Amino acid sequence: MEIGRPFPTDEWLTVKEYCKRFNVTTTQTVSNWISRGIIPAENVLIVEKYNNIRLIKALPYHH
């Protein structure tokens, strides 16, 4: 990830924010989708500067 690169909050969400926006019951569900590749790797960013927080591209994903 590029340092200083902006990530618009309407395009990139934390796992918790993703759950709220797309009515997913638990953050564990989203984490499982990431692990299983339902959410593609190119749509997940890890921000090392902020304790490796994951940002997810704000798109609806289905399992």
Side-chain angles (χ1 to χ4, degrees):
M1 183 174 123
E2 296 175 33
I3 295 176
R5 180 177 166 197
F7 293 98
T9 55
D10 61 331
E11 293 179 31
W12 293 93
L13 306 168
T14 64
V15 173
K16 186 174 180 177
E17 291 167 334
Y18 184 89
C19 289
K20 287 179 186 177
R21 183 177 292 184
F22 293 102
N23 297 316
V24 178
T25 309
T26 68
T27 58
Q28 187 61 45
T29 298
V30 177
S31 294
N32 288 340
W33 290 353
I34 293 168
S35 299
R36 294 179 14 218
I38 294 169
I39 298 176
E42 63 267 14
N43 290 351
V44 179
L45 298 172
I46 298 174
V47 184
E48 294 173 9
K49 182 178 179 179
Y50 295 108
N51 202 26
N52 294 322
I53 192 168
R54 292 181 292 184
L55 297 178
I56 303 166
K57 186 98 171 166
L59 300 170
Y61 301 98
H62 301 283
H63 60 282

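All of these numbers come straight from a predicted model, not from anything done at the bench.
- Taking the side-chain hydrogen bond (donor to acceptor under 3.5 Å, both in side chains) definition, one finds that Thr26 meets it with Thr29, sequence neighbours left out.
- Tyr18 contributes no side-chain N or O that, together with a main-chain N or O of Lys57, makes up a donor-acceptor pair within less than 3.5 Å.
- Here Tyr61 contributes atom OH and Ile38 contributes atom CD1; the two are 11.5 Å apart, rounded to the nearest 0.5 Å.
- Leu55 contributes atom CG, which lies 11.5 Å from atom CD of Glu11 (distance to the nearest 0.5 angstrom).
- Here CD1 of Ile56 is found 4.5 Å from CD1 of Ile39. Values are rounded to the nearest 0.5 Å.
- Looking at residues two or more places apart in sequence or on another chain, you find no side-chain contact (heavy atoms from CB on, under 4.5 Å) involving Asn51.
- Residue Phe22 comes nearest to Leu59 through the heavy atom pair CZ-C, 3.8 Å, listed as atom of the first residue, atom of the second, then distance.
- Interatomic distance, OG1 of Thr27 versus NZ of Lys20, reported as 11.5 Å (0.5 Å rounding).
- Ser31 is linked by a side-chain hydrogen bond (donor to acceptor under 3.5 Å, both in side chains) to Arg54, counting only residues two or more places apart in sequence or in another chain.
- Here the shortest heavy-atom pairing between Asn43 and Trp12 reads O-CZ3, 3.5 Å.
- When every heavy atom of Ala58 is checked against every heavy atom of Leu13, the shortest pair comes out as CB-CD1, 3.7 Å.
- Thr14 and Ile53 make their closest contact through CG2-CD1, 3.7 Å (heavy atoms, listed as atom of the first residue, atom of the second, distance).
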